[in-house]
Amino acid sequence: MLVWLFGWLGQYYTPFSAVSSLTLRALLAVVTALVFSMMFGGRVIRHLRSLKYGQAIRNDGPQSHLAKTGTPTMGGVLILSAIGISTLLWARLNNPYVWILLVVMVIFGAVGWADDWLKIKYKDPKGLIARKKYFWLSMGALFVGVSLYYIATLQPDINTTREMQDLLLPVFKDWMIPFSAVPFGIGFIIFTYFVINGASNAVNLTDGLDGLAILPVVLVAAGLGAMAYVSGDVRFADYLHVPYIPYNSEVIIVCGSMVGAGLGFLWFNAHPAQVFMGDVGALALGAMLGTIAVMSRQEIAFAIMGGLFVAEALSVMLQVGSYKLRKKRVFRMAPLHHHFEEIGWKETQVVARFWIIAIILVILGLMTLNCVRL
C-alpha cells in the first residue's frame with residue numbers, strides 16, 4: 001500500500017526530474033537549494049527579527065554568549081524549505097525513500113519548531129516538555145523503521161531483502177550483523193530508532209556556536225550522498241561489495257539539497273551569526289542524516305563521518321552521568337565545544353578546529369568504501 005501510494009504520487013513527474021542524468025540532477029539540486037537560501041535568507045532574517053523571534057540564552061552557559069540574546073532563531077525553516085523545494089523539483093517522486101525523508105524532515109522539524117516557539121514565547125531555554133518532545137521524536141523514528149522494513153519485505157530477491165536490513169561492517173565486508181534473522185523486523189526497527197534519534201539529538205547538541213553544526217552537516221550529507229549513490233547502482237555496489245539498495249539512487253538528490261541549503265545558511269550563520277537554525281533545523285537535519293545512513297546500510301561509517309556529533313553527545317552523557325554518580329564533572333562545561341571555550345579557546349578557534357576534524361572524519365568514513373573482501 002505504501003509503495004503503491006508513493007508510485008501513484010510520483011507518476012506526475014516535474015519536467016526537471018525527467019532529466020535522465022542522476023549526477024546532473026544532484027548537482028542542480030545543490031545549486032537550487034543554495035540559490036534559494038541565498039535569495040531568501042535576508043528576508044527570512046528580517047521577518048524573524050520583526051516577529052521578535054530571538055534566541056533565549058541559557059544562564060549557566062559561557063558568559064560571552066549572553067551578548068547573543070535576541071539573535072533571530074528558527075532559521076532552520078529556511079534550510080528545510082530549500083531542501084523541500086529542491087527535492088520536489090529534482091527528485092523522481094515515485095521513489096518511496098524520497099518521501100520517507102521528506103516526512104522525517106516535516107515530523108522532526110515540527111517538533112523542533114514547537115520547542116523553539118515555546119522557548120521564544122516564555123523566554124525560557126528549556127522549551128518543550130521532555131516527555132512530549134521524545135514521544136513525537138520516537139514516533140518519527142519508528143515510522144522510518146517500520147516503513148523501511150516493510151519496503152524490504154516487498155523485494156522479490158530474498159538476498160536484497162536481507163541486505164536492506166542487516167548491519168554492514170565496513171572493514172570486514174563479508175560479515176554482517178543479521179537483523180533480518182529477528183522476527184517481524186524488531187531488531188532492525190529498534191536499531192533504526194536509536195540511530196535516528198541519536199543522530200537528531202547529537203546534531204542538536206552540536207549546534208551551540210556560530211556555524212559549528214551546519215558545515216559538518218553539509219560534509220556528512222555529501223559523504224552519505226556518495227554512499228547512497230554507490231549502493232543505489234548495482235555495478236558500484238557489486239564492485240565495492242556493499243549492499244545494493246534499489247531505491248537509494250534518488251537519495252543523492254536529497255543529500256545534494258541538504259548540501260546546497262546548508263551552505264546557503266552558513267552564509268548567514270557564520271560568526272557573528274545573523275540567525276540561528278534552532279531546534280527546527282538541528283533536529284530535522286540530524287534525523288535526515290540518520291535516516292540516510294540506515295537507508296544506505298552505512299550506520300557505522302556514518303558514526304565515523306559524524307564523529308564530531310558523537311563526541312558532543314558523549315560529552316553530555318559523561319558529564320551528566322559523572323555528576324550524578326560521583327558529584328564530579330568530567331569537563332568544565334558540556335557539550336564539548338563549551339569545554340574548549342572555558343579553557344581559553346575563542347569561539348572562532350573552536351569552530352574552525354572542529355570543522356577541520358569533521359573534514360578528516362568524513363574522509364575516513366569514505367575510505368571504508370575501499371576496503372576489500374576478506
Side-chain angles (χ1 to χ4, degrees), residues 55-69 71 73 108 111-112 114-116 118-120 122-138 141 190-191 193-214 216-217 273 276-283 285-287 289-290 299 302-304 306-351 353-355 357-358 361:
Q55 178 72 45
I57 304 297
R58 48 186 279 200
N59 294 324
D60 57 344
Q63 294 302 303
S64 59
H65 288 207
L66 295 178
K68 300 182 181 184
T69 301
T71 301
T73 188
F108 282 77
V111 175
D115 198 28
D116 287 333
L118 291 174
K119 291 176 183 177
I120 294 167
Y122 296 106
K123 306 298 182 182
D124 183 357
K126 293 181 180 180
L128 191 64
I129 297 174
R131 65 175 180 273
K132 291 184 179 180
K133 180 177 181 180
Y134 290 109
F135 171 80
W136 289 110
L137 295 183
S138 296
I190 291 175
F191 183 71
Y193 168 87
F194 283 111
V195 170
I196 294 174
N197 264 333
S200 179
N201 285 285
V203 172
N204 195 32
L205 290 170
T206 306
D207 184 35
L209 300 178
D210 297 351
L212 177 61
I214 191 61
V217 165
F276 301 139
M277 75 167 76
D279 287 5
V280 62
L283 290 176
L285 292 173
L289 291 178
E299 295 92 338
F302 170 55
I304 296 172
L308 183 63
F309 305 135
V310 174
E312 293 274 23
L314 286 177
S315 70
V316 174
M317 294 169 64
L318 289 172
Q319 187 84 324
V320 173
S322 177
Y323 189 78
K324 286 186 176 180
L325 294 174
R326 307 185 304 147
K327 300 301 179 182
K328 294 182 180 180
R329 292 180 172 85
V330 178
F331 306 98
R332 292 194 179 184
M333 188 176 292
L336 188 60
H337 53 264
H338 289 325
H339 169 78
F340 288 103
E341 284 189 290
E342 290 297 302
I343 65 174
W345 290 16
K346 295 181 180 179
E347 179 176 349
T348 51
Q349 288 179 310
V350 176
V351 172
R353 290 168 181 174
F354 276 35
W355 283 356
I357 293 171
L361 290 173

Would you say the side-chain atoms of Ser322 pair up with the backbone N or O of Lys328, donor to acceptor, closer than 3.5 Å?
-> yes
Keeping the roles fixed (side chain from Arg332, backbone from Glu342), state whether a donor-acceptor pair exists under 3.5 Å.
-> yes
When you measure from the side chain of Gln349 to the backbone N and O of Lys346, does any donor-acceptor pair fall under 3.5 Å?
-> yes
Which atom names give the shortest non-hydrogen contact between Pro216 and Phe309, and what distance separates them?
-> CB-CZ, 3.6 Å
Of all the heavy-atom pairs spanning Leu212 and Thr206, show the shortest one and how long it is.
-> CD2-O, 3.2 Å
Atom of Tyr193, atom of Ser138 and distance for their closest heavy-atom approach = OH-OG, 2.8 Å
Could you state the interatomic distance from CG (Asp210) to OG1 (Thr71), rounded to the nearest 0.5 Å?
-> 7.5 Å
Establish, from distance only, whether the side-chain atoms of Glu341 and His338 form a donor-acceptor pair under 3.5 Å.
-> yes
Charged tip of Lys133 within 45° of Phe135 ring normal and under 6.0 Å = no
Measure the CD-CG distance between Glu312 and Leu308 for me, rounded to the nearest 0.5 Å.
-> 5.5 Å
Apply the test side chain to side chain contact (heavy atoms under 4.5 Å, CB included) to residues Val320 and Val316: give CA-CA distance (whole Å), side-chain angles for both, the deciding distance (0.1 Å), then the verdict.
-> CA-CA 6 Å; Val320 173; Val316 174; 4.2 Å; yes
Okay, side chain of Trp345, backbone of Val351: is any donor-acceptor separation there less than 3.5 Å?
-> no
Smallest separation among heavy atoms of Val330 and Arg326, with atom names | CG2-NH2, 4.3 Å
Would you say the side-chain atoms of Asp116 pair up with the backbone N or O of Asp279, donor to acceptor, closer than 3.5 Å?
-> yes
In terms of heavy-atom contacts, Ala313 and Ala202 come closest through CB-CB, 4.0 Å
Main-chain N/O of Ala282 paired to Asn204 side chain as donor or acceptor, under 3.5 Å | no
Flag, side chain of Ser200 to backbone of Ile196, donor-acceptor distance under 3.5 Å = no
Distance (rounded to the nearest 0.5 Å) between His337 NE2 and Asp207 CG | 8.0 Å
Asn201 (side chain) donor-acceptor with Asn197 (main chain) under 3.5 angstrom = yes
Would you say Trp136 has more than 12 foreign heavy atoms packed within less than 6.0 Å of its CH2?
-> no
When rounded to the nearest 0.5 angstrom, what distance separates CG in Leu209 from CZ in Phe354?
-> 8.0 Å
